[in-house]
Amino acid sequence: MELSNGDTKVELFTRVKRVLPQSGEKWSESQKTRPRMVFEFAPKLKEAYSLVCRLRAIFKNKKLTKDTEDKTA
């Protein structure tokens with residue numbers, strides 16, 4: 001079965017594995033297409049990716065807070 005972008009499901013999942021470890025903020029417009037398609041096929045993966053992004057934000061915020069504390073001391 002070929003998808004709208006010309007990929008098969010196997011190709012889609014294979015190619016998206018290089019994009020998902022990155023933050024969605026760093027994706028180019030062309031890179032955003034494949035994760036959207038994968039998330040349609042695998043809603044649990046979308047949920048997991050969302051949780052990872054939230055966890056990243058927590059650690060990023062804590063690091064910024066710690067850096068700020070170090071500079072003011």
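With hydrogens and angles disregarded, a donor-acceptor distance shorter than 3.5 Å links the side chain of Thr14 to the backbone of Val10. Judged by distance alone, with hydrogens and angles left aside, the side-chain atoms of Glu40 form no donor-acceptor pair with the main-chain N or O of Met37 at under 3.5 Å. Listed for the Tyr49 side chain is no donor-acceptor partner under 3.5 Å among the backbone atoms of Lys44.
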TODO: Dump the intermediate steps for side chain to side chain contact (heavy atoms under 4.5 Å, CB included) on Leu20 and Trp27, then the final yes or no.
DONE: CA-CA 9 Å; Leu20 288 180; Trp27 296 345; 4.2 Å; yes
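Cys53 contributes atom SG, which lies 8.0 Å from atom CD of Glu25 (distance to the nearest 0.5 angstrom).
Closest of all the heavy-atom pairs between Phe41 and Leu3 is CZ-CD2, 3.5 Å. Of all the heavy atoms in Val19 and Gln31, the pair that sits closest is CG1-O, 4.0 Å.
A ring pair (Phe, Tyr, Trp, His ring centres under 6.0 Å) check over residues 5-25, counting only residues at least two apart or in different chains, returns nothing.
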